[in-house]
Amino acid sequence: MNLKNKNLFLQKSLINGEFIKSNKKYSVSNPTNGEEIGTIPILNGKEIEKAITSSGEAFKKFKNFNAQEKSNILKKWHQLILENIDDLASILTLEQGKPLSEAKGEILYGASFVEFYAHEALRISGENLTSHKLNHKIITQKEAIGVVGAITPWNFPSAMITRKVAPAIAAGCSVILKPSELTPFSALALGILAIEAGFPAGLLNIVTGDADEIGKEFCANNLVKKISFTGSTHVGKLLAAGAGANLKKLSLELGGSAPFIILKDANQTLALKALMHAKFRNGGQACTCVNRIFIAKEIHDEFLEKFTLEVKKLKVGDGFDEKNNIGPMINEKAILKVERLIKDALEKGAKCEIGGNKIKEQFFSPTILTNIASDMDIAHEEIFGALAAIQKFSSIDEVITKANDTNYGLGSYIFGQNLNDILKISNALEFGMVAINEESFATSLAPFGGVKDSGFGREGSHLGIEEFLQIKTLHINFN
Ligand code: ADP
């Protein structure tokens with residue numbers, strides 16, 4: 001890997017402003033060719049505890065920073081991320097596999113949260129409420145909640161970090177971060193830039209090692225006041241149980257099963273472009289990626305023909321090769337899941353229109369299945385791959401029932417022109433986000449998050465910072 005700033009690639013953990021090694025380590029491999037990229041420390045219980053203690057100390061000191069000082073270190077971090085975008089994107093593609101142009105897009109998207117919350121750090125305010133007594137005042141003030149334990153996934157190894165760390169720091173919290181074991185190098189590169197930006201020692205610690213052990217320590221350690229997690233619903237529920245036992249505040253951004261509804265009057269060109277993006281970006285490995293496609297029966301065959309032609313054009317291969325649109329899947333387990341879903345669907349009557357097979361190693365061909373029915377696993381499970389599963393529908397009521405027939409409730413998409421139909425569907429959808437004639441939810445300006453098994457809490461917008469604040473009420477007698 002050719003980095004302009006070689007220091008950004010670090011095989012260590014970050015504790016209390018120092019980058020540390022460990023005797024025990026694990027190997028991280030490149031999903032494109034299986035080769036080892038480097039190794040990462042497996043911290044022991046004592047080291048994790050020590051890291052949390054240093055986060056606690058950092059929090060006490062950070063309380064003395066004024067709003068402008070908090071804003072300034074975020075501004076500096078933002079500037080350094082942009083200055084190093086090429087290196088950050090290369091590290092990301094190397095460990096995660098997505099095409100380099102998408103990796104750059106992710107770094108920019110991630111940086112936008114740092115910029116946004118650098119401004120929000122200046123806007124934390126309370127209220128002056130009418131009192132129930134004469135010559136009394138009630139004032140609320142918002143205070144940083146304390147040490148935040150953040151756990152992030154491999155599919156967006158950079159943006160999922162800044163989306164948590166930036167609002168937490170803006171609120172005045174310190175953060176102890178555990179990145180995915182599959183993609184730790186993007187996290188550490190952000191850590192190096194944070195130190196360079198002037199983050200005091202311990203304000204951002206990055207711990208690596210056994211996920212279960214670290215998660216348990218976050219839940220048990222009294223210094224950690226809040227856990228912010230992005231990942232699977234299974235692990236989210238484990239953390240909810242652990243955090244609940246100690247009454248810790250929690251944000252969970254979990255799995256999704258996004259429906260993509262194309263009504264009979266939809267602008268098909270717009271819907272097609274959006275579907276290609278919302279289904280295949282990051283090789284389908286995003287919690288907002290389209291999971292179930294519902295096409296009105298009147299336009300099903302016509303739209304399918306256009307969709308198949310577009311999918312045929314997709315190029316799968318090494319993310320560093322500019323011509324490729326889709327990189328490798330993250331690991332063998334992900335491939336096996338897609339293969340299982342295809343086999344089950346075909347056995348139950350689905351038709352494979354294109355693809356359906358592994359190309360080589362961890363590369364899978366973009367696939368379209370039609371005739372999907374509700375007894376198939378693919379109608380209910382999160383796919384997390386470049387596999388499009390299509391169902392036909394006859395009425396608005398039918399598509400609403402089918403779209404809501406899932407435990408998940410993160411993103412959803414509707415394409416059509418009749419305002420009544422669109423509003424009827426968007427009102428009825430049990431999802432945290434609805435994209436209407438729009439392909440993406442990705443912006444720091446809007447709240448992002450789900451309902452049902454997709455979790456709770458919001459990231460982005462002015463609401464994102466609230467997750468890291470608590471309210472103190474002052475009752476003042478001035479008689
Ligand atoms: P995925 O299946 O997409 O990898 P996971 O939920 O397993 O999703 O992983 C998301 C993040 O959760 C990663 O950082 C992973 O290391 C972490 N993780 C996995 N298991 C646990 C656990 N038992 N406790 C805490 N974190 C965990």
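First listed ligand is number 1; within each ligand, the first listed atom is number 1. Starting from 1, each residue takes its place in the sequence as its number. All values derive from a computational prediction rather than experimental measurement.
The closest approach between a heavy atom of Phe218 and any atom of ligand 1 is not below 4.0 Å.
Atom numbering of ligand 1 starts at 1 in the shown order; those under 4.0 Å from a heavy atom of Lys178 are 14 (O), 15 (C), 16 (O), 17 (C). Within ligand 1, the atoms closer than 4.0 Å to a non-hydrogen atom of Trp154 are 1 (P), 3 (O), 4 (O), numbered from 1 in the order shown. Atoms of ligand 1 lying under 4.0 Å from at least one heavy atom of Gly215, given by number and element, are 25 (C). Listed by number with element, the atoms of ligand 1 under 4.0 angstrom from any heavy atom of Glu181 are 15 (C), 16 (O).
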Distance-only criterion, 3.5 Å: show the donor-acceptor pairs between side-chain atoms of residues 200-208 and protein atoms not counting sequence neighbours.
residue, atom, partner, partner atom, Å
Asn205, OD1, Asn16, N, 2.7
Asn205, ND2, Ala51, O, 3.0
Asn205, ND2, Ser54, OG, 2.8
Asn205, ND2, Ser55, OG, 2.9
Thr208, OG1, Ser13, OG, 2.7
Thr208, OG1, Pro41, O, 2.7

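Atom 9 (O) of ligand 1 is not flagged as protein-proximal [any protein heavy atom, distance under 4.0 Å].
For atom 12 (O) of ligand 1, the nearest non-hydrogen atom of the protein is Phe229 CE1, 3.3 Å. With hydrogens left out, the protein atom closest to atom 17 (C) of ligand 1 is Ile151 CG2, 3.7 Å, a heavy atom. Ranking the protein heavy atoms by distance from atom 25 (C) of ligand 1 puts Ala211 O, 3.4 Å first. The protein non-hydrogen atom at the shortest distance from atom 20 (N) of ligand 1 is Val235 CG2, 3.5 Å.
The pair Glu49-Lys46 does not meet the salt-bridge criterion, since no charged nitrogen lies less than 4.0 angstrom from a carboxylate oxygen. Ionic pairing of Lys142 and Glu466 is present here: one or more N-O contacts between side-chain nitrogen and carboxylate oxygen are shorter than 4.0 angstrom. Classification of Asp87 and Lys6 as a salt-bridged pair fails, no side-chain N sitting under 4.0 Å from a carboxylate O.
For atom 2 (O) of ligand 1, the nearest non-hydrogen atom from the set Cys219, Pro157, Ser232 belongs to Ser232. When the heavy atoms of Thr152, Thr233, Asp212 are ranked by distance to atom 23 (N) of ligand 1, first place goes to Asp212.
Residue Asn2 places its CG atom among 12 or fewer non-hydrogen atoms of other residues, nucleotides or ligands, all under 6.0 Å distant. No more than 12 heavy-atom neighbours from other residues, nucleotides or ligands sit within 6.0 angstrom of NZ on Lys50.
Taking the six-membered ring wherever Trp is involved, the centroid distance between the rings of Tyr413 and Phe441 falls below 6.0 Å.
Put simply, CG on Leu254 and CD on Glu382 are 9.5 Å apart, with the number rounded to the nearest 0.5 Å.
With a heavy-atom cut-off of 4.0 Å, Asn155 does not touch ligand 1 at all.
A cation-pi contact, defined as under 6.0 Å to the ring centre and within 45° of the axis, is absent between Lys178 and Phe229.
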